[in-house]
Protein chains: 2
Amino acid sequence: MRPTRGTDSVSTTPTVYDVAERSGVSIATVSRVYRNPDSVRAQTRERVLAVARDLGYVPSGNARGLASRSTGVLGLCFPDYSDPDAESEVEAGHGDEADDEAAMLYSDQIIRGMERAARRHGYALLIAASLKGGPESLVAKVAGRVDGFAVLARTVPTEDLEVISRRQPVVMLAGPRESNQLDHLDHIEVANSDGQRELTRHLIEDHGLRRLAYVGFAEESPDVEARFRGYVEACRAAGIEVGAEPDLRVPMMTQAEGARAADALLDRLGDRPEALLFANDQMAVGALHTLERRGLRVPQDVAVTGFDGIALSRLVRPAVTTVRQPMRRMGEEAVELLVRRLSGGQPAQNAAEPVSMTLPVSVVRRASCGCKPA
Amino acid sequence: MRPTRGTDSVSTTPTVYDVAERSGVSIATVSRVYRNPDSVRAQTRERVLAVARDLGYVPSGNARGLASRSTGVLGLCFPDYSDPDAESEVEAGHGDEADDEAAMLYSDQIIRGMERAARRHGYALLIAASLKGGPESLVAKVAGRVDGFAVLARTVPTEDLEVISRRQPVVMLAGPRESNQLDHLDHIEVANSDGQRELTRHLIEDHGLRRLAYVGFAEESPDVEARFRGYVEACRAAGIEVGAEPDLRVPMMTQAEGARAADALLDRLGDRPEALLFANDQMAVGALHTLERRGLRVPQDVAVTGFDGIALSRLVRPAVTTVRQPMRRMGEEAVELLVRRLSGGQPAQNAAEPVSMTLPVSVVRRASCGCKPA
DNA sequence: CTGAAAGCGCTAACAC
DNA sequence: GTGTTAGCGCTTTCAG
């Protein structure tokens, strides 16, 4: 028996004990009232609930989780994508008023998708973007508070994931399955190379462009590499020579870097490229500014394409032709996968073969490639 | 002394005990290694960390929260705003390809704002939309797992909030302070009536329109009422007669209802209104469809305005003139308020006077009112 | 249908 | 520095 707290101690958040005492039942009954109402006589139940309301009692999620080993929460870890430029550039983009509301990113879509799916299954969603580097890695914090979670590729150190995935379901998003020892994780990716290949083919065949330049990413990124691969395939298929490396690799895939990349590419000797293909939309948008500054018309003088299909891509002028990734859907599928693992019972959880799915992407033809009037 | 678990029990998620045992230290030390690394001798620390990694140990957020009475998580409860129409209408809006990514709602903005601010303060964000009605009200679930949270007005029963706010900081969003007994909650709202008044004034003075029609909401909604009030004030100031009630009240503020409302208003006898003012953007967009179907040009034949400033409003044709609410900022301010309460120490928490702030809004003039070529 | 008792995994004084 | 010892608030058998 736990020592009864003095008298009606004020200012202390009420617990099952308080409610139990005041309603003349045991804590077990109070617990039952919340977890399995029907197992308690109606009269007793009402009395308990009344006292609870009266006392301002709210069951502690922590205590509950501890005792029942489950939280009813799913998580999502994503990188701190915030592109400083993105916020203000939207307005500058075409002289409209400020509208940072339009800059809906990648991760927002995934959040939307996950939240909805999670809700359908009765879960709440815990989201956290990676901070530079706290004492305890972000994942640990999230992992410790959820039943399972999704991680945007390369958001957290592989090593951490390896450890964590041993104790709860984790689904890897967008990044192709990292070859390492994480091959037991469920994983969802999009058809990066298919998309970039198709986009490139479009530029070559439908617009007759042949002098292309590709801007990739300096850091290791399977997604970006896959895109580049698709680009190369399309070029080769059309008999266009391409190197094994992108024409340029930027340190960060932001608008500022995209603008800089455009300058760099344009300053190179030799024939000016007819099209600039960027590994993501933000860079493409940044390039648009450079091009405008240099007095080059898009797409007449040079076509520009991005990748991702973020809202921003359609708001700038000219609207950017890109490859849309079904991020919302990815979020939903992630939840489905997690829920499946979670409901699969402890044994099956590890037994089941890791799932790996590839979501289809679609080329979005807009003005920046010449498909619609700029 | 807790009974040592048999031997290296496999398949059981490791705990401090396991780590302690295997690294030859006490559980207290293991705990210290995570919470206060510097208080442990480097050598010991490394050893513990190695074992932890080895075992796949991840501190349980629940146990931690229970023991330390704090979760490091802030929450947000929002209504299930999903407008079935919103998803597909975007594309239909102006013949562009499907782009539901552009339909960023109200709540998404708040989430963005909160997530960022929360991250800055070292908190994670738990989000949950109200489901029809689970056993335990949504709030309770969230409330039990966070240190404090924000609630979009009218998302959860006042009664629940009253109870919960007694034990942790809660900030009410967007809905004006509910007169009830919730006046001790911090609260953030936007200048609804100021915005609608200014928009209306613009229509009257700058565009010379005088036959206006206002579409409100049938259910009780302080925000919507405040907007209507602003509308009335502007009309009266211009010597235009207006009733005490909106010209029409819809049961749901969706696109479908907006379309229906436009039809209803247009079918009424008497002079056709020169402008249709809607209490939110979604309805305005819905009205656009009706108007197009009936062969009426916007804004030449009839002007249309919305409220909120969601991304969708600028994507349709003609773009909708509206009043933008700084939702992102609202999310940030909410976190600041919560963090302040939380860091204010237990005593101060209740002591501090409830804060109430009103964020300014801004009229966004676009094509649907005649400000830019349709 | 209800009560008693044993934890769940970790933190937090307090000793050593 | 590190170990001991209590709980934190709730769920969960197992009895009755």
Side-chain angles (χ1 to χ4, degrees), chain A residues 1-5 9 12-21 23-48 52 55-72 136 140-141 143-145 147 167-168, chain B residues 1-5 9 12-21 23-48 52 55-72 136 140-141 143-145 147 167-168:
Chain A
M1 181 70 185
R2 154 178 160 155
T4 292
R5 215 174 273 163
S9 52
T12 304
T13 62
T15 73
V16 267
Y17 289 94
D18 302 312
V19 178
E21 185 180 357
S23 42
V25 298
S26 73
I27 61 169
T29 298
V30 175
S31 178
R32 291 197 185 93
V33 166
Y34 287 87
R35 299 206 49 76
N36 195 350
D38 300 320
S39 72
V40 177
R41 200 202 315 164
Q43 182 185 314
T44 311
R45 193 194 320 142
E46 294 313 326
R47 182 152 37 94
V48 172
L55 251 34
Y57 168 74
V58 177
S60 152
N62 284 325
R64 248 155 126 133
L66 220 209
S68 64
R69 317 127 193 317
S70 87
T71 65
E136 293 178 52
K141 181 169 185 177
R145 316 195 82 53
D147 292 338
R167 100 207 250 309
Q168 66 189 298
Chain B
M1 180 67 184
R2 153 178 160 156
T4 291
R5 215 174 273 165
S9 51
T12 304
T13 62
T15 73
V16 265
Y17 290 93
D18 302 312
V19 177
E21 185 179 358
S23 42
V25 298
S26 72
I27 61 169
T29 297
V30 175
S31 178
R32 291 197 187 92
V33 167
Y34 287 88
R35 300 204 50 75
N36 196 349
D38 301 320
S39 71
V40 177
R41 200 201 315 161
Q43 182 186 313
T44 312
R45 193 195 320 143
E46 295 313 328
R47 182 152 37 93
V48 172
L55 251 35
Y57 168 74
V58 176
S60 153
N62 283 326
R64 247 156 128 138
L66 222 208
S68 63
R69 311 120 201 318
S70 87
T71 65
E136 292 178 51
K141 181 168 185 177
R145 313 198 133 296
D147 292 338
R167 105 208 243 309
Q168 66 188 296

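So you know, we letter chains A, B, ... as the sequences are listed, proteins then strands, and number each from 1.
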Can you see if the side chain of A:Tyr34 gets near the phosphate of D:dG9 - specifically, an N or O under 4.0 Å from OP1 or OP2? no
So, OP1 or OP2 of C:dC1: does either fall under 4.0 Å of a side-chain N or O from A:Arg41? no
Whole angstrom value for the distance that separates P of D:dC10 from CZ of B:Arg145: 12 Å
Give a yes/no answer on whether the side chain of B:Tyr17 brings an N or O atom under 4.0 Å of OP1 or OP2 in D:dG3. no
Rounded to the Å, how far apart are B:Glu21 CD and D:dG3 P? 13 Å
Interatomic distance where CZ belongs to B:Arg45 and P belongs to D:dG1 [whole Å]: 10 Å
Residue closer to the 5' end of DNA chain C, B:Gly65 versus A:Ser39 (nearest nucleotide): A:Ser39
B:Gln43 CD to D:dT2 P, straight-line distance once rounded to whole Å: 9 Å
Let me confirm one number: the OG-CZ distance from A:Ser23 to A:Arg45, rounded to the nearest 0.5 Å. 13.5 Å
Heavy atoms, side chains only, cut-off 4.5 Å: are B:Thr15 and B:Asp18 in contact? yes
Given C:dG3, is OP1 or OP2 found less than 4.0 Å from the side-chain N or O atoms of A:Ser26? yes
Are any non-hydrogen side-chain atoms of B:Thr13 and A:Arg69 less than 4.5 angstrom apart? no
Rounded to the nearest 0.5 angstrom, the CG-OG1 distance for B:Leu66 and B:Thr71 is 11.5 Å
B:Arg35 CZ to D:dC8 P: how many Å, rounded? 18 Å
Look at the side-chain N and O atoms of A:Thr29 and state whether any lies under 4.0 Å from the OP1 or OP2 oxygen of C:dT2. no
May I ask you to verify if any side-chain N or O of A:Arg64 is less than 4.0 angstrom from the OP1 or OP2 atom of C:dC8? no
Given D:dT5, C:dC1, D:dC10, the nucleotide with the shortest approach to the side chain of B:Ile27: D:dT5
Note: for B:Val25 and B:Ser68 on DNA chain D, the residue whose nearest nucleotide lies more 5' is B:Val25
Both B:Ala28 and B:Ala67 contact DNA chain D. Which one's nearest nucleotide lies toward the 5' end? B:Ala28
Taking the minimum atom-to-atom distance to the side chain of B:Arg32, which one of C:dC10, C:dC14, D:dC10 wins? C:dC14
Are the side chains of B:Val30 and B:Tyr17 in touch, meaning some heavy atoms are under 4.5 Å apart? no
If we ignore hydrogens and angles and just use 3.5 Å, is the side chain of B:Arg145 paired with the main-chain N or O of A:Gly61 as donor and acceptor? yes
Which nucleotide in D:dT2, D:dC10, C:dC10 has an atom nearest any side-chain atom of B:Thr15: C:dC10
C:dC1 P sits how many Å from A:Glu46 CD, rounded? 14 Å
Rounded to the Å, how far apart are A:Leu66 CG and C:dG7 C1'? 10 Å
Can a side chain N or O of B:Ser60 be found less than 4.0 Å away from OP1 or OP2 on C:dC10? no
A:Arg69 side-chain N/O to D:dT12 phosphate OP1/OP2 under 4.0 Å: no
